[in-house]
K.L.:
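Attaching a single structure in structure tokens format; questions to follow.
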Amino acid sequence: MNRDHLTNRASDAAVPESAVFGVRSAPTAGEAPAASSPANDPQELTAGEDRSLDLRAALAVVQDAERSARRSLTGNTALVYFLWGLTWVIGYGSLWGSKSGRLPLEPQAALGILGAALAVATVSTVVIFARGSRGIRGQSAFQGGMYGAAWMLGFTVMGALSAVIGRAIDDFWLRGMLINSIAILIVGLLYITGGTTFNDKHQAYLGVWLLLVTGAGLISGPDHFLTVFLFLGSTGMLAAAVVEHLRTRRHRTEAAHA
């Protein structure tokens, strides 16, 4: 092998100067121009950023629509939670004060206060839901209507069951524990149903909490169930009202700055 042959091979294997210094050389005659990399093309980068922004904007629109639909179907949820939390404080607080001797109330009078508070909260809730669901049609109207019917039918059956329990059990506090436990059981199950139907995790979690409160009240027995309902049940409802209010305000702020 002669020296000229070795020189030619070394020349063929040499690294092009443009590759060393990162300079793109012009294509030779008959050579196709090198394809530009999307990562280095400003136009491709701009288009990718625009698509990303479009997707985020579309997601924000969908989330806003979902929140609006949920609010229309369930009304002012924070206000509803607050009303029922206040009802529990007044109603169960009256019964608890009567039983413990902290309030000068007869048990029947305290029961009347609870009944009046429940009636006010029920009427207020119906009004809030009715105002929020105006103009809703289609599948959303069906879901909202069936959910409202479930509440009405559930407590209609609960009223009939309460009458049966009242005739079968003479002890005032045992009767009260059973009737109120059934009522809270229905509320907890309906909150879980509403949370899964309307994609509202907080409502579903509140339903789970109320079921736990019901179980704790039954375990505590006729002597202490009112303490459980008053201090755990009403606290859960009021805490849910605060959480829902803060969540709604945060969503409104995000929508305003979107």
Side-chain angles (χ1 to χ4, degrees), residues 42 44-91 93 117-118 120-148 150-151 184 187-213 230-258:
E44 290 290 339
L45 289 174
T46 303
E49 292 174 354
D50 290 341
R51 283 194 294 270
S52 178
L53 290 174
D54 290 341
L55 289 175
R56 285 197 292 267
L59 178 60
V61 170
V62 171
Q63 291 175 340
D64 290 340
E66 180 184 358
R67 287 191 291 266
S68 298
R70 184 188 306 154
R71 183 178 176 84
S72 298
L73 289 169
T74 60
N76 190 334
T77 309
L79 179 58
V80 171
Y81 290 162
F82 176 76
L83 285 174
W84 283 100
L86 187 62
T87 297
W88 283 37
V89 170
I90 295 173
L118 289 173
V120 171
T122 301
V123 172
S124 301
T125 302
V126 170
V127 171
I128 292 172
F129 284 173
R131 289 181 176 178
S133 60
R134 288 176 181 172
I136 297 179
R137 298 292 184 270
Q139 181 66 21
S140 297
F142 173 76
Q143 289 177 336
M146 291 302 297
Y147 186 55
W151 280 88
I184 299 174
V187 172
L189 291 175
L190 286 173
Y191 274 160
I192 294 174
T193 302
T196 54
T197 301
F198 304 120
N199 193 26
D200 188 347
K201 294 181 180 179
H202 293 85
Q203 184 177 355
Y205 294 155
L206 177 60
V208 172
W209 174 252
L210 292 180
L211 294 184
L212 294 175
V213 169
L230 175 60
F231 291 102
L232 294 182
S234 59
T235 301
M237 296 295 292
L238 294 174
V242 173
V243 170
E244 185 64 26
H245 173 72
L246 294 176
R247 185 176 67 160
T248 302
R249 188 172 65 177
R250 184 179 70 252
H251 289 161
R252 288 176 177 174
T253 303
E254 292 174 354
H257 290 84

K.L.:
To the nearest 0.5 Å, what is the distance between CG on Leu211 and CD1 on Ile192?
P.N.:
4.5 Å
K.L.:
Looking at Phe231, I'd like to know if its CZ atom is crowded, meaning that more than 12 non-hydrogen atoms belonging to other residues, nucleotides or ligands lie closer than 6.0 Å.
P.N.:
yes
K.L.:
Kindly compute the distance separating NE2 (His202) from CD (Glu244), expressed to the nearest 0.5 Å.
P.N.:
7.0 Å
K.L.:
When rounded to the nearest 0.5 angstrom, what is the spacing between NE2 in His245 and CG in Leu79?
P.N.:
11.0 Å
K.L.:
Using ring pair (Phe, Tyr, Trp, His ring centres under 6.0 Å) as the criterion, list what pairs up with Trp88, not counting sequence neighbours.
P.N.:
Tyr92
K.L.:
Looking at Ser124 and Leu83, what are the two nearest heavy atoms and their distance?
P.N.:
CB-CD1, 3.7 Å
K.L.:
Write down the atom of Leu238, the atom of Leu86, and the distance for their closest heavy-atom approach.
P.N.:
CD2-N, 4.1 Å
K.L.:
Please round to the nearest 0.5 Å and tell me the distance separating atom CD1 of Ile184 and atom CH2 of Trp209.
P.N.:
12.0 Å
K.L.:
For Ala121 and Thr87, work out which heavy atoms get closest and say how close.
P.N.:
CB-OG1, 3.2 Å
K.L.:
I would like to know whether Leu246 and Arg249 meet side-chain contact (heavy atoms from CB on, under 4.5 Å); could you show each step before the answer?
P.N.:
CA-CA 5 Å; Leu246 294 176; Arg249 188 172 65 177; 3.4 Å; yes
K.L.:
Nearest 0.5 Å please: distance from the NZ atom of Lys201 over to the OG1 atom of Thr196.
P.N.:
12.5 Å
K.L.:
Here's a test for you: under side-chain contact (heavy atoms from CB on, under 4.5 Å), which of Val187, Leu189, Leu232 qualifies with Leu210?
P.N.:
Val187
K.L.:
Working note: Val243 + Leu206, criterion side-chain contact (heavy atoms from CB on, under 4.5 Å); need CA distance, chi angles, decisive distance, verdict.
P.N.:
CA-CA 11 Å; Val243 170; Leu206 177 60; over 6 Å; no
K.L.:
Just do the side chain to side chain donor-acceptor pair (under 3.5 Å) check on Thr125 and Trp84 with the steps written out, would you?
P.N.:
CA-CA 9 Å; Thr125 302; Trp84 283 100; 2.9 Å; yes
K.L.:
Give a yes or no on whether the backbone of Leu190 and the side-chain of Tyr147 come within a donor-acceptor separation of less than 3.5 Å.
P.N.:
yes
K.L.:
Please find the pair of heavy atoms, one from Ser234 and one from Gly85, that lie closest to each other, and give the distance.
P.N.:
CB-O, 3.9 Å
K.L.:
For the OG1 atom of Thr77 and the CZ atom of Phe82, what is their distance to the nearest 0.5 Å?
P.N.:
15.0 Å
K.L.:
Quick one: do Val208 and Tyr191 satisfy side-chain contact (heavy atoms from CB on, under 4.5 Å)? Show the steps, please.
P.N.:
CA-CA 8 Å; Val208 172; Tyr191 274 160; over 6 Å; no
